[in-house]
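For reference, the structure is listed below as structure tokens.
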Amino acid sequence: MKKILVIGSLNMDTVVTTPHMPKPGETIISTSLAQVPGGKGANQAYAIGKLGGNVAMMGAVGKDSFGEALLDNLKSVNVDVNGIEVIDGVPTGQAYIWVDESTGQNSIVTVSGTNFEVTIPFIDRNRHLIEAADIIVMQMEIPFETVVYIKNLVLEMGKTLVVDPAPARGDIPDDFWQGIDYIKPNETELEILTGLPTDTQENLMTSARMMKSKGVKNVLISLGGDGCLLVSDEEESFIPTMKVKAVDTTAAGDSFTAGVVISLSRGDDIHKAIEVGQKVSGIVVTRKGAQSSIPSAEEIKDL
């Protein structure tokens, strides 16, 4: 099994469940409140670890109770946390998540905290972890200049690079995408990245082709209950998924990425990897919370 390194964010999530999303100026009563470990990077590392992957994480937490809880949670699923620095004087990253209990959809506000301490010097201090890994996974919840630096470093080393471009932004230079092995936006993120509509299959395909033309080798668009769009040198295809009743979509995209990556680390082809990603995320959306919703390897048949 290949070694995976996740570089990214760690947050403590405060999840507020509401009867519906509040409108501007509206006060509503929450039906539940919970604090659960999160952050896109930590979600992906945790999921890979819980699914049995050989995974380490690089990131930062504060010298506070949230940081301690996040580290303990990753250790509980055998994630190597030696690349996570504990920084005094800066709070651990946090996210505030509103979940509509009628639809399972969510809205999220993040507070970066120590995630923005993952700087270029930070990466240089932990370069050995990149050198030791085969597959590197990163997102966009750390400073963008750091993301660019990691991308160039990883490709110079000849490693496989997986980018989850969330939170998406529309000002990313075209040359950033050149040489990236896999990107995994959802349709909303794809629309932000390209500036093109994604409201039909034809428009989705056009937008995915645009990302491919920028130099990405494999474009995977996660479409929730509608499956996944794959655009690569070899093919362009929609891959369906099983239908489930969503309770909370928090971490659905992160768990899909984790399933894809762990499958790739075991030598599977991209179709098998997407199938595994869909199985993992299909379970996650039926449960509440971020990392608390991740299934174990035993729950995923044929993993």
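Reckoned from all heavy atoms, side chains included, excluding hydrogens, waters and symmetry mates. Just so it is clear, the structure is predicted and the values come from calculations on it, not from any experiment.
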Only one of Leu10, Val90, Asn115, Val81 passes side chain to side chain contact (heavy atoms under 4.5 Å, CB included) with Val61, and that residue is Leu10
Discussion item. Could you check whether atom CD of Glu202 has more than 12 heavy atoms from other residues, nucleotides or ligands sitting under 6.0 Å from it?
Written reply: no
- prompt: Is it true that Met157 and Ile135 fall in one hydrophobic cluster, defined by side-chain heavy atoms closer than 4.5 Å?
  reply: no
Taken to the nearest 0.5 Å, the spacing of Thr160 OG1 from Leu264 CG works out to 8.0 Å
d(Tyr182 OH, Ser232 OG) to nearest 0.5 Å is 9.0 Å
- [ ] Starting from the C-alpha separation in whole Å, work towards a yes-or-no answer on side chain to side chain contact (heavy atoms under 4.5 Å, CB included) for Lys184 and Val162.
- [x] CA-CA 8 Å; Lys184 191 232 60 77; Val162 180; 5.7 Å; no
So does Gly253 get a backbone contact from the side chain of Ser222, meaning a donor-acceptor N/O pair under 3.5 Å? no
The side chain to side chain contact (heavy atoms under 4.5 Å, CB included) partner of Leu204 among Asp199, Val231, Leu223 is Leu223
So, does Thr92 use its side chain to make a donor-acceptor pair with the main chain of Gly67 at under 3.5 Å?
yes
Handout entry: Flag if over 12 foreign heavy atoms under 6.0 Å of CD, Glu236
Key = yes
task: Check step by step if side chain to side chain donor-acceptor pair (under 3.5 Å) holds for Glu101 and Thr17.
output: CA-CA 6 Å; Glu101 65 182 357; Thr17 304; over 6 Å; no
Quiz prompt | Joint hydrophobic cluster, Val216 plus Val137, side-chain heavy atoms closer than 4.5 Å | solution = no
### Query
So, Asp124 versus Tyr149: side-chain donor-acceptor pair below 3.5 Å or not?
yes
- Do Phe66 and Asn11 touch side chain to side chain, with heavy atoms closer than 4.5 Å? no
Looking at side-chain heavy atoms only, is the closest gap between Glu26 and His20 below 4.5 Å? yes
Any side-chain heavy-atom pair from Arg266 and Lys272 closer than 4.5 angstrom? no
>> Between the side chains of Glu85 and Arg125, is the shortest nitrogen-to-carboxylate-oxygen separation below 4.0 Å, so that they form an ion pair?
In response: yes
Path from Phe144 to Ile150 over hydrophobic side-chain contacts below 4.5 Å: yes
For Val118 and Pro143, the nearest pair of non-hydrogen atoms, with its separation, is O-CD, 3.5 Å
Here the pair of heavy atoms bringing Ile262 nearest to Ile48 is CD1-O, 3.8 Å
dist Asp268:CG -> Glu275:CD (nearest 0.5 Å) comes out at 9.0 Å
Exercise for review: Indicate yes or no for a side-chain donor-acceptor contact from Asp100 to the backbone of Ser102 under 3.5 Å, with no hydrogens or angles considered.
Suggested key: yes
Taking every heavy atom of Gly62 against every heavy atom of Val86, the minimum-distance pair comes out as O-CG1, 3.8 Å
Go through Val261 and Val55 one step at a time and tell me if the side chain to side chain contact (heavy atoms under 4.5 Å, CB included) criterion holds.
CA-CA 10 Å; Val261 170; Val55 60; over 6 Å; no
Could you tell me whether Lys159 atom NZ has more than 12 heavy atoms of other residues or ligands within 6.0 Å of it? yes
query = Is any side-chain heavy atom of Asp233 closer than 4.5 Å to a side-chain heavy atom of Lys212?
reply = yes
Tell me whether Thr198 contacts the main-chain N or O of Glu187 through its side chain, where contact means a donor paired with an acceptor under 3.5 Å.
yes
So, do Pro295 and Val284 sit near enough that their side-chain heavy atoms are less than 4.5 Å apart?
yes
| request: Determine whether Ile221 and Pro185 make a side-chain contact, defined as any pair of heavy atoms from C-beta on separated by less than 4.5 Å. | output: yes
On a heavy-atom basis, the closest approach of Met211 and Leu190 is CG-CD1, 3.6 Å
Side chains of Gln35 and Thr14 in contact at under 4.5 Å (non-hydrogen atoms):
yes
Between Pro165 and the options Ile192, Ile180, Leu193, the side chain to side chain contact (heavy atoms under 4.5 Å, CB included) test singles out Leu193
For Gln278 and Pro240, the nearest pair of non-hydrogen atoms, with its separation, is OE1-O, 3.2 Å
Do Asp181 and Lys217 pass the salt bridge (charged side-chain N to carboxylate O under 4.0 Å, His left out) test, and can you show the C-alpha distance, the side-chain angles, and the key distance before you say yes or no? CA-CA 5 Å; Asp181 296 284; Lys217 297 176 184 178; 3.3 Å; yes
Practice problem: Check for a donor-acceptor pair, side chain of Lys50 on one end and backbone N or O of Ile294 on the other, with a separation under 3.5 Å. | Solution: yes
* Asked: Under 4.5 Å between side-chain heavy atoms, hopping through other hydrophobics if needed: is there a path connecting Val36 to Ile108?
  -> yes
*Intermediate values then yes/no, side chain to side chain contact (heavy atoms under 4.5 Å, CB included), Ser76 and Tyr46*: CA-CA 9 Å; Ser76 73; Tyr46 180 91; 4.1 Å; yes
Residues at least two apart in sequence or cross-chain that pass salt bridge (Lys or Arg N to Asp or Glu O under 4.0 Å) with Lys63, listed by chain then number, are none
From the list Ile142, Asn152, Ile172, side chain to side chain contact (heavy atoms under 4.5 Å, CB included) with Val147 holds only for Ile142
Value for NZ (Lys151) from CZ (Phe176), rounded to nearest 0.5 Å, stands at 6.5 Å
For Met12 and Leu70, the nearest pair of non-hydrogen atoms, with its separation, is N-CD1, 4.1 Å
Separation between CG (Asp88) and OG1 (Thr114), nearest 0.5 Å, reads 11.5 Å
- request: Using the rule that two of Ile, Leu, Val, Met, Phe, Trp, Tyr join whenever any of their side-chain heavy atoms come within less than 4.5 Å, decide whether Ile130 and Leu161 are in one cluster.
  value: yes
Q | Donor + acceptor pair across side chains of Glu235, Ser237 (<3.5 Å) | A | yes
inquiry  = Using the rule given for side chain to side chain contact (heavy atoms under 4.5 Å, CB included), can you reason through Thr103 versus Met21, listing the C-alpha separation, both sets of side-chain angles and the distance that settles it, and then say yes or no?
reply    = CA-CA 10 Å; Thr103 66; Met21 289 298 179; over 6 Å; no
So OG1 of Thr257 and CD1 of Ile183: to nearest 0.5 Å the spacing works out to 11.0 Å
Backbone N or O of Gly224 within a donor-acceptor pair of the Asn186 side chain at under 3.5 Å? no
Side chain to side chain, Ile123 and Met58, heavy atoms closer than 4.5 Å: yes
